[in-house]
Each structure stands twice: as C-alpha cells, then as structure tokens.
Protein chains: 2
Amino acid sequence: MTSGMRPVPEDHMAPIGFGDHDHDTCVENALTSAEQLCRENGLRLTPVRRKVLEMLLQEHRALGAYAILDRLREEGFGSQPPVAYRALDFLVRNGFVHKIERLNAFVACSHPGATHSPAFMICRKCDAVAEAQASTAKGSLGAAARAAGFEIERTVVEAEGLCPDCTKKARK
Amino acid sequence: MTSGMRPVPEDHMAPIGFGDHDHDTCVENALTSAEQLCRENGLRLTPVRRKVLEMLLQEHRALGAYAILDRLREEGFGSQPPVAYRALDFLVRNGFVHKIERLNAFVACSHPGATHSPAFMICRKCDAVAEAQASTAKGSLGAAARAAGFEIERTVVEAEGLCPDCTKKARK
DNA sequence: CTTGTCATGTTATTCCATATCATATATCCG
DNA sequence: CGGATATATGATATGGAATAACATGACAAG
Ligand SMILES: [Zn+2]
Ligand SMILES: [Zn+2]
Ligand SMILES: [Zn+2]
Ligand SMILES: [Zn+2]
C-alpha cells in the first residue's frame, strides 16, 4: 500500500484461517474493502486482479500460480503465466495477498490495509493456512540481526504443522 | 540426524556468515566433523554427498540445485537433477544443509550436530547468508499457535535485508 | 493528435523439482 | 561363501514455477 495506512485494532488481528465463519460474507466484505482501499489509494483493481483476489479469498488456503491460471482460463481471461504472475504481483505489492514461500503459493491477506509483517501457520495435512502477526524485530532473530549489523527489510515466518482439526482426527 | 544428538554450547551458535574468518580451515573442520558425525550415526557420506557439502561449505551463501549440478558434472559425477536433489535431500535430512525457501536454494549449516531450528539473514545485494538460532516456540508466533491449537512441527524463519558490508557500501 | 504510462496478451525460455525404471553396491544372514 | 535385502547411483522423461522479451490496447496529459 502506498499511503492511507493505519494500524488495525488488535482484535482484528486474530488468525481466521482455522475454525468456522460465515465465509460468503467474509469474501464479500474483503472484496468490498479491497475496492475501497484501492479507490482511496489510486490503485486500479482491474477485472483480472479482482478475480484473482476473489479466488484466493474463496479458499482459506494457498493456491499455486498455475492453479490460479487454470481458473482464469475458465473465466475467459488470458491463460499464459504472466497474466497470473502480474495480477499476483500487484496484489502482493499492495498487501492484499501474501506469498507462502514454503509452498510456492499465494494466500489472501487476513488483515489488509494494515502495515504488518505476517506469520503463517500451514497445515501439512489439509493445507489450511492461518495468518498471524510476526514480532519481527523482537525475538532472537532481531537480536542476532542487531548483533551482526544486519538490516532487516522483510521477514518470512512460516510454521508448518497440524491444524486443530487435523490434530483431533490424528488422535482418534 | 538420527541419534547421538547433543546440544551445542551457546558460544558456537553465533552467526558466522558475515565477517572474515579463516575459511580454508573452516571448510576443513566442517568436513571432518561431518565425517565423524556420519560414522557415529551410521550414515554414509558418499563421494557425491561429500562433494556437495564441500561445495556449499566453500561458499557462505546459498546455491541453487542446478548450480550444484553443474559443478558435479565438472567433477565427473552424474549430471541429472536427481543426483543433486538426492544428495541435498540426504544432507538436509541429516542437518548438514538447510534449504532457503525464499531463494529455492541451499546453504551449509553453521552448527551441525546440534538439534536446532535455524533462522537466516539473507543479503539481497551480495547473497551472503548467515544462520542464527530461531526461538520458535517463544515469540508471538508460538503464542498464536497455542491460542489457535496449531501444533508446530517445523518453522521457516528468513530475514531479507542488507548485510553489514553492503550497508556500509550503500552509505558512502 | 501525439506522447507517455499502464495494463493485458502471447511466445519462448529458464529454472526448480519429482516420478520412474534400471543398475550397481553395500550389508545382513544362513 | 552365496543369496536376499536394503541402499545408492545413473539416466530418461515430465511436471511445475517464474521470468524475459515483444506486441497490442486503453487512456490521460499536453
Ligand atoms: Zn496479511
Ligand atoms: Zn489441517
Ligand atoms: Zn543449522
Ligand atoms: Zn551483502
């Protein structure tokens, strides 16, 4: 996001990837608020970009660029890799989508509009992805960086494991 | 590593990726200690595997699988992708090498033999990589995971930024 | 109208990674 | 030792991720 950033209240920062919620309105709301954010910041949420964001919001999990591309093709958009990658680039640059490096895949941001360095919990069983807030600068990494004189610009924090549902299933 | 694990003293845990050191003996020592660790644990550090580890120790930065493969070819080893990937798989599984997800590349471990969840500092200018210790369970991610009921099995922690050298150069 | 900027489309290529089948080499046991 | 078993390597083929390069269309500013 280029401007108009504001901190988001703490109670909006809870991970939403696990557990139930009204998904239809969840997607609706996210799209509406994305449109508004773009309007406010002079960004163009074009049809392809909007479609990709919508796809990622529909799933609460990561989609690979080629899965996205397949769906774009079905919807009548361009079907070559750059089409997907450019839309994803826009969405990532502006904070609507995050890339999960571990999976080479993309997921919709859970609290867009807020400047934040995200951390992710990735279920290795069901592929669900939940976003939480990383305490970048604090913690041992921040300390090590300061000690070494390393200037952190961006962090990747991804935890892999079992989500609550899959843990329950594994136990029974 | 399958057995014989021991914690490593704290003072061996400092990042060694940035700053000068006697690199030749650094590589020597690491190779020798890898050989010993393998002997102790019934692991087979075969010629290909040893060569790959040596290559990664030579650089204190991440190498892609195909860069590794090129060098293997030059040394008269097999030159097909699986050759490199199998050696890397062995080295990663046994803690001699880490994968840098952000770069889809591999780097030699700075404190092998110790059970540890590594964190990395990656210079975007010169590609140097330093390894530090991540405080996985502590910090906000651990808290979020406990709150959500997510069971962490493995973490990826990678910071991207400028190393001390490149910071100095940028300033002048 | 012209120019510059931004978004989209298309082609081609490069890089990363794995499945599969075949062959060799240890290691174990009778 | 000889044969069974597991492990390691070799080689072929394919799939998936990402970008380079070039062309076209939309649109706003001058
Ligand atoms: Zn986010
Ligand atoms: Zn799950
Ligand atoms: Zn390590
Ligand atoms: Zn640097």
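All figures in this text were calculated on a predicted structure; none of them were measured in a lab. Lettering of chains follows the sequences in order, A, B, ..., and the numbering in each one begins at 1.
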J.: Are the ring of Y85(B) and the base ring of dT18(C) both nearer than 5.5 Å at their centres and tilted by less than 30°?
T.: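 It does not: the two rings, one from Y85(B) and one from dT18(C), miss the stacking criterion.
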
J.: Below 4.0 angstrom from OP1 or OP2 of dC27(D), is there any side-chain N or O of R44(A)?
T.: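 Negative; the distance criterion is not met.
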
J.: How long is the line joining CZ of R93(B) and P of dT7(D), in whole Å?
T.: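 One finds 10 Å between P of dT7(D) and CZ of R93(B), rounded.
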
J.: Of the candidate nucleotides dA19(C), dG10(D), dG9(C), which contains the atom at the shortest distance from the side chain of P82(B)?
T.: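 Between dA19(C), dG10(D), dG9(C), the one nearest the side chain of P82(B) would be dA19(C).
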
J.: Would you kindly give the CG-to-C1' distance between N94(A) and dC6(C), to the nearest whole Å?
T.: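 In whole Å, dC6(C) C1' lies 14 Å from N94(A) CG.
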
J.: Set out, in order, the CA-CA distance, both residues' side-chain angles and the distance that settles side-chain hydrogen bond (donor to acceptor under 3.5 Å, both in side chains) for E131(A) and H116(A), then state yes or no.
T.: CA-CA 11 Å; E131(A) 180 177 348; H116(A) 63 288; 2.9 Å; yes

J.: Could you tell me which non-hydrogen atom of C123(B) sits nearest to which non-hydrogen atom of F150(A), and how far apart they are?
T.: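 Where C123(B) meets F150(A) most closely, the heavy atoms are N-CE1, 4.0 Å.
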
J.: Give the rounded distance in Å between these two atoms: CD1 of I100(B) and C1' of dC16(C).
T.: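 Result: 16 Å.
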
J.: What is the distance, to the nearest angstrom, from the OH atom on Y66(B) to the P atom on dA18(D)?
T.: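 After rounding, the gap between these two atoms is 15 Å.
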
J.: Can you see which heavy atom on H60(A) is nearest to which on C26(A), and at what distance?
T.: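 The answer is NE2-SG, 3.7 Å.
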
J.: How close or far is atom C1' of dA17(C) from atom CG of N104(B), stated in whole angstroms?
T.: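 In whole Å, dA17(C) C1' and N104(B) CG are 9 Å from each other.
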
J.: Which nucleotide in the list dA21(D), dT19(D), dA7(C) gets nearest to the side chain of R86(A)?
T.: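 From the listed options, dA21(D) comes nearest.
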
J.: Return whichever of G64(A) or A87(B) has its heavy-atom-nearest nucleotide of DNA chain D closer to the 5' end.
T.: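 Going by which nucleotide is closer to the 5' end, it is A87(B).
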
J.: Rounded to whole Å, how long is the line connecting atom CZ of F106(B) with atom C1' of dA17(C)?
T.: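 Atom CZ in F106(B) sits about 9 Å away from atom C1' in dA17(C).
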
J.: Report the C-alpha separation of Q36(A) and E40(A) in whole Å, then their side-chain angles, then the decisive distance to 0.1 Å, and conclude whether the side-chain hydrogen bond (donor to acceptor under 3.5 Å, both in side chains) test is met.
T.: CA-CA 6 Å; Q36(A) 183 171 350; E40(A) 288 171 9; 3.1 Å; yes

J.: Rounded to whole Å, please give me the gap between CD in Q80(A) and P in dG16(D).
T.: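 Distance check: Q80(A) CD to dG16(D) P gives 16 Å.
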
J.: Could you check how far CG of L69(A) sits from P of dT8(C), rounded to whole Å?
T.: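 Atom CG in L69(A) sits about 14 Å away from atom P in dT8(C).
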
J.: Which residue lies toward the 5' end of DNA chain C, K99(B) or T46(A), if each is placed at its nearest nucleotide?
T.: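 On the 5' side of the pair lies T46(A).
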
J.: Considering only NZ, NE, NH1 and NH2 on the basic side and carboxylate oxygens on the acidic side, decide whether R86(B) and D89(B) come within less than 4.0 Å.
T.: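 The answer is no: the pair does not qualify as a salt bridge.
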
